[in-house]
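Each chain gets a letter, A, B and so on, in the order its sequence line appears, and its residues count up from 1.
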4 protein chains.
Amino acid sequence: MIDTVADERRRGRPRSATAKRAILRAAFDLLVEHGLAATSMDAVAQRAGVSKATIYRWWPTKGLLALDALYDGWETSPRGPRETGSLRGDLLALVRPWVRLASAPGSRRLLAALIAEAQRHPGFAAAYRERFVEPRRAHGREVFARAVARDEIPAATDVEVALDLLYGPLYHRLLHGHAPLNDRFVRDVVQATLASVAAAR
Amino acid sequence: MIDTVADERRRGRPRSATAKRAILRAAFDLLVEHGLAATSMDAVAQRAGVSKATIYRWWPTKGLLALDALYDGWETSPRGPRETGSLRGDLLALVRPWVRLASAPGSRRLLAALIAEAQRHPGFAAAYRERFVEPRRAHGREVFARAVARDEIPAATDVEVALDLLYGPLYHRLLHGHAPLNDRFVRDVVQATLASVAAAR
Amino acid sequence: MIDTVADERRRGRPRSATAKRAILRAAFDLLVEHGLAATSMDAVAQRAGVSKATIYRWWPTKGLLALDALYDGWETSPRGPRETGSLRGDLLALVRPWVRLASAPGSRRLLAALIAEAQRHPGFAAAYRERFVEPRRAHGREVFARAVARDEIPAATDVEVALDLLYGPLYHRLLHGHAPLNDRFVRDVVQATLASVAAAR
Amino acid sequence: MIDTVADERRRGRPRSATAKRAILRAAFDLLVEHGLAATSMDAVAQRAGVSKATIYRWWPTKGLLALDALYDGWETSPRGPRETGSLRGDLLALVRPWVRLASAPGSRRLLAALIAEAQRHPGFAAAYRERFVEPRRAHGREVFARAVARDEIPAATDVEVALDLLYGPLYHRLLHGHAPLNDRFVRDVVQATLASVAAAR
DNA sequence: CGGTAATCGAGACGGTACGTCATGTCTTACA
DNA sequence: TGTAAGACATGACGTACCGTCTCGATTACCG
């Protein structure tokens, strides 16, 4: 959404909340079913029972609409994962739900398309990171911070690198599909992350 | 390429090697300069001085043409990296040239586009893995095999996982751009891979 | 034309009269200059300063566009020819303008192309007859009706056959070009038509 | 191929005459079935079991090939119609077989296409007239000459005009399809031609 | 309570790429 | 040497989508 804030008094006809919901819902359904490239703005407009101009009034680009639609459809739990008492447990709790969501064929296709879109439009890249990357990394940072507080890992741990060691391999298998992204692999990756952090001690 | 083998005597007019070279070269240049989506088949045909029908005779899809063009333009050294005597050195020698190549803005954009394309067309995905993923992983397997032979790492090391621990974080920063993909990070990732392999002992 | 009537309030953006005029004009010019087969839709679009999609939105086929364009460019006088007081005079007044128009090289070529098109597409054939054949035959029927009213020819005259006796030979020379379509021939044909009608008395 | 067996038996001089026959036959079948525009040279070559180059060696153009193919397939009786003793009978005998042949849907379509082609290529027009128009007109001239000899019509009769009065209306209904081309109409046209010739006495 | 202003639907528009197809030419291997 | 196989340049075809635009019809608030 461009501006959810409505603190300032607007003059004309207010924005139709119905239309907005219908657009996001239609876009989400079409995106999951057909992917980004195969989802046309005309199709979104038609399915939402809305004019194309209405969509373009609020979202300047198909990519940004997709971003909002997917955020709206996916991001059900803004709060971080539950605490388990150990770094290993926290990391698994952090990563497993994401793997479950991202492994569906539709999601995988979309994730790849969003990443590709981000290479082409810097503005889109920023929005993508803000919406999809940062929240999860923020949760990850908390997890590592708790581990530091518990004195489980050194305070000097480079959390940013650790997060890449954690998420990188998962994304890798997800996008390349050269090997299965199963829970075995998830545990291996978490284990490796722990090992690397411990070795840096 | 459709058929590199020409041991059998073909009947009609042979394929024009000039045209093929011109097409691959034109496609490569345009791809690097404009990216996959912004490279049109018409433009490739015109720049190659070739008819569009000729392109479509040999490459059924823009994606597969791009694959061949990039393979042709990039893959200069089919042999693996030089041996350094240590796993750490070998891994750095394996990864650094790839990082250098893939970090150029054009390459990054293209890599993302290829990955996105692969989610949509299973046939393309297979070709992509065969052309771009497997060769590098094969080199990586040799590197780890040498380390085993040197008794540097356990023989039971799961090489496939190790390769994902190595390449995954690099791809991650490359595609998401949330943090720099510099040599510092490369060394960190190699170090982490070593730590994880060592810890599994 | 698709919809000449516009008395009902339409919802969306109204059709651009400018674009429509430009398309018909461009098509007409190109058709007269190059003929039907050598006139491409791309060329029409470019010359009209219009997108190809706009043309295809309103005319499903090149043939139907040609029909409208030629009707628009040629059919200047919807009213019938002037009355001369005699069947002979009326027939000459009916036929001479048509011969003058149709004898130009461009027109001849186009007429033949339209007739050929009509053999292939039944829908086109109907439109062709409605636009180009029927109006002229209607005028002819009036001419013969007046002659009957003047008691110049029998009331039982088969007007449809008479019209074919009149137009048939003219079209024949026009399309086959085996002999000149001059005013001498026009007078001969009118004379023969009169003789045949009189002999049936 | 007409007969591959006999063809394989002979070694040195392959089948130039065989190929020619196969080409004409294949072209004729395809033309009658699909029309001129929908018959491609590739299709003719494939059906004839012949290379495209072989076709182009003998016929410079698709139109001229069609001309020969149709002439070969249709023109079964080069001799004129039988003599009946009266001009009326001779004209009917001249015209009825042609009407029967030309009325088939395939023929009608082709005739129109040939006429259209003739407007575009002067060389084709000449060949068309020589092959298809002149022979029939020559027969017609003989018919009228016999009538003059029998003193049935004046010696000063303009035969060229008379032939147009005869064939023109028939072609007209054939190509425009605004009214049926049945035997009733044929008799009316013959009658009208006779009346016009008699009236000129 | 009427004016003002922004919204919405419908959908036409310019632009551009797609992948297909046909024509007529040209190049090789074979017989 | 002619023929079959078939690659080639050229260029039109009709479809699809994008993002912009022009309407007339709705809502609100504001004076």
Below 4.0 Å: OP1/OP2 of [N] and any side-chain N or O of [X]:
{"X": "A:Trp58", "N": "E:dC8", "answer": "yes"}
{"X": "A:Thr54", "N": "E:dT7", "answer": "no"}
{"X": "A:Lys62", "N": "F:dG19", "answer": "no"}

- Flag side-chain contact, heavy atom, 4.5 Å: A:Trp58 against A:Ile23: no
- Query: Any salt bridge between C:Asp68 and C:Arg131, counting N to O under 4.0 Å?
  - Reply: yes
- Query: Where along residues 105-117 of chain B does a heavy atom fall under 4.0 Å from DNA chain E?
  - Reply: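 None, since no heavy atom is under 4.0 Å.
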- Item | Nearest-Å distance for atom pair CG/C1', residues D:Asp42 and E:dT25 |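 To the nearest whole Å, that distance equals 13 Å.
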- Under 4.0 angstrom, heavy atoms only, what part of the nucleic acid is A:Thr39 near: base, sugar-phosphate, or nothing? sugar-phosphate
- Message: For a quick check of understanding: with a heavy-atom distance under 4.0 Å over all strands, which category does C:Ala43 fall into, base, sugar-phosphate or nothing?
- Response: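 No contact.
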- Query: Hey, does the side-chain of D:Lys52 have a donor or acceptor N/O within less than 3.5 Å of a partner on the base of F:dG6?
  - Reply: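 Absent.
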- Message: Base of E:dA10, side chain of A:Ser51 - is there a donor-acceptor contact under 3.5 Å?
- Response: yes
- Taking the side chain of A:Arg57 as heavy atoms from C-beta outward, which of E:dA22, E:dG14, E:dC8 is closest to it? E:dC8
- Proximity to the side chain of C:Tyr56 - top-ranked nucleotide from F:dC18, E:dC8, F:dC13: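 Closest of the options to the side chain of C:Tyr56: F:dC13.
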